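Since the model is a prediction, treat every value here as computed from it, not as a measurement.
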Amino acid sequence: MSFEIITNLWFWVVAVPAVTLTGISKGGMGGGAAGIATPLLAMVISPVQAAAVMLPILCMMDLAGLQVYLGRWDRRIMRVILPAGLLGCVVGTLTFSHLNDNWIRLLLGVMALAFLAYNLMPRAVPLRKPSDRQGYFWSMLSGFTSFVSHSGGPPLMVYLLPQKLDKAMFVATSVVFFGAMNYAKIVPYLWLGLFDFRNLATSIVLIPIGVAGTYLGVWLQTRINTRWFYRLVYALLFLTGIKLLYDGLTGL
């Protein structure tokens with residue numbers, strides 16, 4: 001059996017920085033921008049293939065992050081978000097085969113731009129802390145979008161950001177939630193036939209880059225102005241969201 005990887009040059013031009021930024025976000029920025037890789041990769045390969053390539057990488061990043069933040073998450077919040085997120089993964093499993101590539105591109109584009117709108121919209125008053133019932137809704141939506149496109153960050157942030165957790169607990173809670181989501185997706189992805197040897201071989205090549213990015217994020221957590229990191233991510237998400245919406249609409 002040959003070790004065949006994706007050979008598209010543009011894939012690697014996009015994949016290396018996308019996976020690095022994802023690792024940095026998961027390691028030290030709360031994972032809010034960890035969904036950037038799949039939308040970026042979906043510009044150069046099929047979004048379904050992009051999701052399949054990214055899942056093993058995300059799982060290995062999660063192991064690195066869990067070692068650092070083990071036991072530091074908010075247990076009350078986790079009791080709200082984890083069951084709802086897993087339910088969202090079940091919904092994603094049952095509906096995924098009904099979504100074609102263009103519908104997934106549209107979903108990715110909408111999620112990217114919605115994330116920007118939510119984070120950049122001026123607010124006259126501080127965000128009110130959502131109820132547990134709202135937490136169940138946003139976490140289930142996060143689980144669904146995480147399953148389809150690894151872009152579960154925006155819905156979860158609607159619930160998590162107003163909780164006003166300290167930085168380490170916020171990052172730990174995000175890391176544990178998305179780690180659980182990613183490992184819960186492995187068996188459904190196998191069942192849906194999303195993995196093949198070329199995708200897995202490509203993931204293996206990219207895993208060291210993602211893990212290095214995660215540890216880099218941990219190191220940068222107290223050394224970098226997160227504003228500049230997110231400015232870069234927001235600019236990439238804006239351009240990516242517009243491109244994916246255009247490609248999805250013209251392909252329908």
Go through it in stages, so that I can follow the logic: the residues are Asp196 and Leu200, the test is side chain to side chain contact (heavy atoms under 4.5 Å, CB included), and I'd like the CA-CA distance, side-chain angles, deciding distance and then a yes or no.
CA-CA 6 Å; Asp196 61 31; Leu200 289 172; over 6 Å; no

Pairing residues for [X] by the side chain to side chain contact (heavy atoms under 4.5 Å, CB included) criterion, not counting sequence neighbours:
{"X": "Met60", "result": "Leu63, Ile207, Val211"}
{"X": "Leu106", "result": "Trp103, Leu245, Leu249, Leu252"}
{"X": "Val90", "result": "Leu94"}
{"X": "Thr173", "result": "Trp73, Asp74, Ile77, Met78, Ile81, Leu160, Leu165, Met169"}

Is there a side-chain contact between [X] and [Y] (heavy atoms, below 4.5 Å)?
{"X": "Pro47", "Y": "Thr38", "answer": "no"}
{"X": "Arg105", "Y": "Pro39", "answer": "no"}
{"X": "Arg76", "Y": "Asp132", "answer": "yes"}
{"X": "Lys129", "Y": "Gln134", "answer": "no"}
{"X": "Leu244", "Y": "Ile104", "answer": "no"}
{"X": "Val19", "Y": "Met61", "answer": "yes"}
{"X": "Tyr159", "Y": "Phe137", "answer": "no"}
{"X": "Phe170", "Y": "Met157", "answer": "yes"}

When rounded to the nearest 0.5 angstrom, what distance separates [atom1] in [X] from [atom2] in [Y]?
{"X": "Ile24", "Y": "Trp219", "atom1": "CD1", "atom2": "CH2", "value": "11.0 Å"}
{"X": "Leu107", "Y": "Asn102", "atom1": "CG", "atom2": "CG", "value": "12.5 Å"}
{"X": "Asn199", "Y": "Ile204", "atom1": "CG", "atom2": "CD1", "value": "11.0 Å"}
{"X": "Ile209", "Y": "Thr214", "atom1": "CD1", "atom2": "OG1", "value": "12.0 Å"}
{"X": "Met43", "Y": "Leu239", "atom1": "CE", "atom2": "CG", "value": "8.0 Å"}
{"X": "Cys59", "Y": "Ile186", "atom1": "SG", "atom2": "CD1", "value": "4.0 Å"}

Residues which pass side chain to side chain donor-acceptor pair (under 3.5 Å) with [X], listed by chain and number, not counting sequence neighbours:
{"X": "Ser203", "answer": "none"}
{"X": "Ser151", "answer": "Ser149"}
{"X": "Tyr136", "answer": "none"}
{"X": "Ser46", "answer": "Asp101"}

Any idea how Phe96 and Phe147 line up, ring-wise: parallel (<30°), tilted (30 to 60°), or perpendicular (>60°)?
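Phe96 and Phe147: perpendicular rings.
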
Minimum heavy-atom distance between [X] and [Y], given as atom pair plus value:
{"X": "Ala18", "Y": "Leu40", "value": "CB-CD1, 3.7 Å"}
{"X": "Ser142", "Y": "Phe178", "value": "OG-CE2, 3.7 Å"}
{"X": "Gly210", "Y": "Ile57", "value": "CA-CG2, 4.5 Å"}
{"X": "Ala42", "Y": "Ala50", "value": "N-CB, 4.1 Å"}
{"X": "Pro130", "Y": "Pro162", "value": "CD-CB, 3.6 Å"}

When Ile, Leu, Val, Met, Phe, Trp and Tyr are grouped by side-chain heavy atoms lying under 4.5 Å apart, directly or through other members, which residues fall in the same group as Val187?
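Its cluster mates, by chain and number: none.
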
Considering only Ile, Leu, Val, Met, Phe, Trp and Tyr, and joining two whenever side-chain heavy atoms are under 4.5 Å apart, list the other residues clustered with Leu87.
Met140

Which residue pairs satisfy the side-chain hydrogen bond (donor to acceptor under 3.5 Å, both in side chains) criterion with at least one member in residues 177-187, sequence neighbours excluded?
Asp62-Asn182, Ser146-Lys185, His150-Lys185, Asn182-Lys185

Side chains of residues 5-15: which donor-acceptor partners sit under 3.5 Å, not counting sequence neighbours?
unit_1, atom_1, unit_2, atom_2, d
Asn8, OD1, Trp10, N, 2.9
Trp12, NE1, Ile6, O, 2.7

Trp191/Thr93 under side chain to side chain contact (heavy atoms under 4.5 Å, CB included): CA gap, chis, key distance, verdict
CA-CA 9 Å; Trp191 180 63; Thr93 302; 3.7 Å; yes

Side chain to side chain contact (heavy atoms under 4.5 Å, CB included), that's the test. Do Leu86 and Met181 meet it? Break it down for me.
CA-CA 7 Å; Leu86 292 173; Met181 295 304 102; 3.7 Å; yes

